[in-house]
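Numbering of residues begins at 1 and proceeds along the displayed sequence. The figures that follow rest on heavy atoms only: side chains count, while hydrogens, waters and symmetry mates do not.
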Amino acid sequence: MENKLNPTHAQIANFLTDHVISEMVKYLMEDYDYSLEKSLDLVYQSHTLELLQIEEGELYVQSPAYVYDMLIKELGLYPVQTEYETAYVAED
């Protein structure tokens with residue numbers, strides 16, 4: 001009898017990749033007050049997403065925050081110290 005509860009490696013990779021993508025979109029919306037559409041566009045047009053989707057590279061096993069940091073660097077956003085916390089702003 002076949003156990004249908006054992007996902008394949010590809011299914012796990014797809015699930016984790018989707019999770020990282022959704023978290024990066026959420027972070028962009030929270031950190032920069034970007035719209036859902038703008039956040040999705042930034043993520044889906046990024047080189048970071050290309051790297052994330054290479055199954056053999058296994059970037060998807062890293063935390064969403066780690067991959068998000070890669071995206072922030074790619075987009076030219078950088079941390080700025082404020083009186084209360086570190087925030088990220090875009091370079092103009």
Side-chain angles (χ1 to χ4, degrees):
M1 183 170 176
E2 186 177 320
N3 185 351
K4 295 184 180 187
L5 296 179
N6 290 330
T8 66
H9 181 72
Q11 289 171 322
I12 293 169
N14 287 336
F15 175 80
L16 292 174
T17 298
D18 289 346
H19 173 69
V20 171
I21 291 168
S22 68
E23 289 297 299
M24 289 193 302
V25 169
K26 183 177 89 173
Y27 295 157
L28 285 170
M29 292 173 66
E30 291 173 353
D31 291 348
Y32 303 101
D33 201 27
Y34 289 162
S35 68
L36 175 61
E37 183 177 277
K38 181 173 182 171
S39 298
L40 285 167
D41 284 345
L42 288 171
V43 170
Y44 277 97
Q45 294 176 15
S46 71
H47 179 66
T48 301
L49 181 67
E50 291 177 32
L51 295 173
L52 181 64
Q53 292 176 323
I54 300 171
E55 188 175 331
E56 296 81 20
E58 295 189 347
L59 184 58
Y60 57 85
V61 301
Q62 299 296 326
S63 73
Y66 177 84
V67 182
Y68 178 65
D69 188 56
M70 291 176 58
L71 178 68
I72 294 306
K73 290 175 183 168
E74 175 187 345
L75 296 175
L77 304 173
Y78 60 95
V80 174
Q81 289 288 336
T82 64
E83 183 178 346
Y84 301 104
E85 61 185 27
T86 299
Y88 288 89
V89 297
E91 289 182 14
D92 289 327

From OH (Y27) to CD1 (I72), nearest 0.5 Å | 11.0 Å
Qualifying residues under salt bridge (charged side-chain N to carboxylate O under 4.0 Å, His left out), relative to K73, sequence neighbours excluded = D69
Value rounded to 0.5 Å, distance of OG in S39 from OH in Y44 = 12.0 Å
The side-chain hydrogen bond (donor to acceptor under 3.5 Å, both in side chains) partners of T8 (sequence neighbours excluded) come to Q11
Under the side-chain hydrogen bond (donor to acceptor under 3.5 Å, both in side chains) test, residues paired with E56 that sit two or more places apart = none
Gap separating the CG atom of L52 from the CD1 atom of I21, nearest 0.5 angstrom = 5.5 Å
Got a sec, which residues hit side-chain contact (heavy atoms from CB on, under 4.5 Å) with L71, two or more places apart in sequence or on another chain?
-> M24, L28, V43, S46, T48, Y68, E74, L75
Only counting residues at least two apart or in another chain, list the ones meeting side-chain contact (heavy atoms from CB on, under 4.5 Å) with E37.
-> S35, D41
Output all residues satisfying side-chain contact (heavy atoms from CB on, under 4.5 Å) with L51, sequence neighbours left out; order by chain, then residue number.
-> H47, I54, L59, M70
side-chain hydrogen bond (donor to acceptor under 3.5 Å, both in side chains) partners for Q53, two or more places apart | none
In this structure, CG of L40 is separated from CG of L36 (nearest 0.5 Å) by 4.5 Å
Contacts of Y60 that satisfy ring pair (Phe, Tyr, Trp, His ring centres under 6.0 Å) - sequence neighbours left out | none
All salt bridge (charged side-chain N to carboxylate O under 4.0 Å, His left out) counterparts of E23, not counting sequence neighbours | K26
